[in-house]
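Note sheet for the following structure.
One-based numbering, in listed order, for ligands and for the atoms of each. Along the sequence shown, residues carry numbers from 1. Note that the structure is a prediction, hence the values are computed from the model and not measured.
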Amino acid sequence: MDKIRIIGGNQLNGEITISGAKNAALPLMIASLLSEEKLILNNVPALADVKQLQKILENHGVEINILENSDDDDMGGQSISFDAKTITDTCAPYELVSAMRASFWVIGPLLARFGEAKVSLPGGCAIGTRPVDFFLDGLKSLGAHIEIADGYVIAKAPKGGLRGNRVHFPKVSVGATHTIMMAAVLADGITIIENAAREPEISNVANCLVAMGAKISGIDTHTLTIEGVSKLHGANFAVLPDRIEAGTFAMAVAMSGGNVLMKRGRTSDLQAAVDVLIEAGVEIEQEEDGFRVIANGAGLRPIDVETDPFPGFPTDLQAQYMALMTRSAGVVNIKETIFENRFMHVAELSRFGADIKVDGQLAVVSGVARLHGAQVMATDLRASVSLVIAGLVADGQTIVSRIYHLDRGFERLEEKLRRCGADIERISD
Ligand code: EPZ
């Protein structure tokens with residue numbers, strides 16, 4: 001099993017090309033099921049989760065072709081065509097869905113276009129039980145008949161197809177918003193989604209659906225109004241830059257010190273996190289083709305954070321921020337409000353000598369002067385990269401194991417950091 005070895009102490013200088021966003025690429029790929037014409041996606045990141053979803057879509061009968069591989073130099077992402085003209089199977093089996101939870105979202109397009117879907121319940125994961133009740137209630141509001149048997153959701157649209165309706169989510173849900181939006185674009189009539197997620201990835205998908213002929217208004221707001229159309233045509237669309245990757249590398253520079261341009265990064269996509277870093281003492285400036293992060297590597301000011309749906313502080317940057325604050329010049333309160341078990345990185349960060357106390361959804365981090373290199377284990381995608389961030393400044397050697405978690409969501413992470421001066425390499429057992 002691959003591991004990552006880091007020798008701490010080097011500053012980061014240069015530039016990092018931000019890849020296409022995993023959390024936009026996945027729903028965009030699923031949107032290809034909505035049309036019998038080709039959807040071409042550009043700037044698709046080469047990630048394990050993307051490859052896994054390709055398997056699921058091919059299992060439905062989608063023809064997938066890599067038109068252009070990511071160019072080694074500018075790491076410009078892949079161009080991939082998705083042709084869902086002939087769907088042979090509307091079932092998404094357990095062995096595929098359980099490997100990548102977001103594949104559950106295929107239930108929306110399959111129901112909308114084919115009137116039926118049999119999709120395995122995705123199950124929980126390390127960070128939480130991850131229920132899908134908002135998805136099922138939303139689909140029922142659109143007229144779907146939902147049955148659950150043997151771990152599968154068996155969904156059927158009414159004879160005339162799904163019908164537009166008002167859907168209100170009790171809590172903001174990214175996946176449920178994507179799924180109901182994709183179901184509604186082919187429903188008969190108007191659907192109004194209230195308390196919709198408004199992450200930049202939702203807007204990226206909504207804009208792609210509009211490019212395919214969908215009628216959606218209220219994009220970027222908490223209320224989406226969708227007027228169903230009879231069919232969608234193909235499109236040629238680009239995945240937006242990954243704000244979570246950009247925020248992760250910004251925290252790496254804040255930790256190690258240095259001066260790095262996050263090429264293609266847009267501060268407006270993660271303004272809450274940018275504001276916290278600036279308040280903590282990091283210099284961040286938007287430039288023409290990205291944003292620049294400058295830090296001196298000394299302990300930062302302790303700034304409390306509470307995760308929140310967009311435009312709040314992203315839960316997907318919580319672990320990275322906690323790593324950064326282990327060396328803050330004081331005590332920091334970090335509250336996780338989205339997932340019930342997203343502090344598994346605490347035990348691993350403590351192995352570096354960090355001082356963190358957890359009380360339910362609150363982690364209290366007391367900054368220490370130095371971290372010591374350690375052998376640590378990745379437990380979930382974003383926790384894994386928080387260990388890399390700690391390793392960048394820890395004295396001596398750090399070995400991070402189980403980095404298959406990392407490969408799910410970060411493209412060539414160690415290569416991007418090494419190019420900026422980090423002493424980091426991937427080693428095989
Ligand atoms: C998406 O997950 C992201 N994944 C997550 O990123 C991200 O952390 C999360 O949104 C929050 O921003 C992808 O986009 C592929 P939710 P999702 O539905 O859609 C509860 C990463 O690291 N809920 O917004 O699954 C749920 O339990 C991943 O890239 C219900 O109760 O998250 C959670 O407490 C991790 N019932 C809250 O809502 C439902 O039916 C928000 O979850 C659905 C959700």
Side-chain angles (χ1 to χ4, degrees), residues 19-31 45 47-50 52-53 56 97 99-108 119 121-141 146 148 153 167-182 193 195-205 222 239-240 242-248 269-270 272-273 307-320 335-342 344-345 361 378-386 405-411:
S19 299
K22 165 179 86 79
N23 290 354
L26 298 175
L28 286 168
M29 290 164 68
I30 291 172
L47 298 171
D49 273 9
V50 167
Q52 181 60 27
L53 184 55
I56 289 154
V97 174
M100 212 284 290
R101 298 187 66 266
S103 42
F104 179 75
W105 303 354
V106 299
I107 194 167
V119 181
L121 281 165
C125 73
I127 65 175
T129 51
R130 315 295 292 275
V132 291
D133 49 335
F134 301 167
F135 295 72
L136 303 184
D137 294 345
L139 291 172
K140 284 180 196 162
S141 305
I146 302 282
I148 292 183
V153 175
V167 175
H168 177 86
F169 291 129
K171 228 164 113 177
V172 169
S173 162
V174 167
T177 302
H178 279 305
T179 303
I180 299 304
M181 176 170 69
M182 288 195 272
I193 303 177
N195 203 22
R198 41 177 293 219
E199 274 66 3
E201 294 76 27
I202 298 276
S203 303
N204 196 221
V205 173
H222 277 311
V239 179
L240 87 170
D242 193 325
R243 63 196 172 98
I244 301 303
E245 184 194 20
T248 298
D269 287 346
L270 64 157
T307 63
D308 228 8
F310 190 86
F313 191 99
T315 174
D316 292 348
L317 286 176
Q318 179 257 104
Q320 300 89 314
K335 192 163 179 214
E336 172 57 54
T337 70
I338 309 289
F339 292 110
E340 64 268 33
N341 187 34
R342 203 167 197 177
M344 279 167 305
H345 40 285
Q361 295 298 91
T379 51
D380 61 271
L381 169 55
R382 307 304 177 180
S384 53
V385 80
S386 74
H405 289 291
L406 205 66
D407 296 333
R408 286 191 46 215
F410 291 101
E411 191 179 12

Considering only heavy atoms of [X], which atoms of ligand 1 have at least one such atom less than 4.0 Å away?
| X | answer |
| --- | --- |
| Asp316 | 5 (C), 6 (O), 7 (C), 8 (O), 21 (C), 22 (O), 28 (C), 29 (O), 35 (C) |
| Arg342 | 8 (O), 22 (O), 35 (C) |
| Lys171 | 34 (O), 37 (C), 38 (O) |
| Gly175 | 18 (O), 19 (O) |
| Phe135 | 40 (O), 43 (C) |
| Lys22 | 21 (C), 29 (O) |

Do we see a donor-acceptor contact under 3.5 Å between the side chains of [X] and [Y]?
| X | Y | value |
| --- | --- | --- |
| Thr129 | Glu340 | yes |
| His345 | Gln318 | yes |
| Thr315 | Glu336 | yes |

Does an N or O from [X], backbone or side chain, lie closer than 3.5 Å to an N or O of ligand 1?
| X | answer |
| --- | --- |
| Glu340 | no |
| Trp105 | no |
| Arg382 | yes |
| Ala102 | no |
| Phe339 | no |
| Ile127 | no |
| Thr315 | no |

May I ask you to test the [X]-[Y] pair for a side-chain heavy-atom distance under 4.5 Å?
| X | Y | result |
| --- | --- | --- |
| Asp242 | Lys22 | yes |
| Asp269 | Phe310 | no |
| Leu136 | Ile148 | yes |
| Arg243 | Pro314 | yes |
| Ser203 | Arg198 | no |
| His178 | Val174 | yes |
| Asp380 | Cys125 | no |

Least distance between heavy atoms, [X] atom then [Y] atom:
| X | Y | answer |
| --- | --- | --- |
| Phe104 | Val97 | N-CG1, 4.2 Å |
| Leu381 | Gly409 | CD1-N, 3.5 Å |
| Thr248 | Gln320 | OG1-NE2, 2.9 Å |
| Ala197 | Ser173 | CB-O, 3.8 Å |

Just need the protein heavy atom nearest to [atom], so name the residue and atom and give the distance.
| atom | value |
| --- | --- |
| atom 34 (O) of ligand 1 | Ile338 O, 2.5 Å |
| atom 43 (C) of ligand 1 | Pro131 O, 3.4 Å |
| atom 40 (O) of ligand 1 | Phe134 N, 2.8 Å |
| atom 17 (P) of ligand 1 | Arg130 NH2, 3.8 Å |

Considering only heavy atoms, does [X] approach ligand 1 within less than 4.0 Å through its side chain, its backbone, both, or neither?
| X | result |
| --- | --- |
| Val172 | backbone |
| Phe310 | neither |
| Glu336 | neither |
| Ser173 | both |
| His178 | neither |

Inset, instruction - Pick whichever of Thr179, Val174, Thr177, Leu381 has a heavy atom sitting closest to atom 16 (P) of ligand 1. - result: Val174
Inset, instruction - Could you name the option among Asn23, Val132, Asp133 that has the heavy atom nearest to atom 15 (C) of ligand 1? - result: Asn23
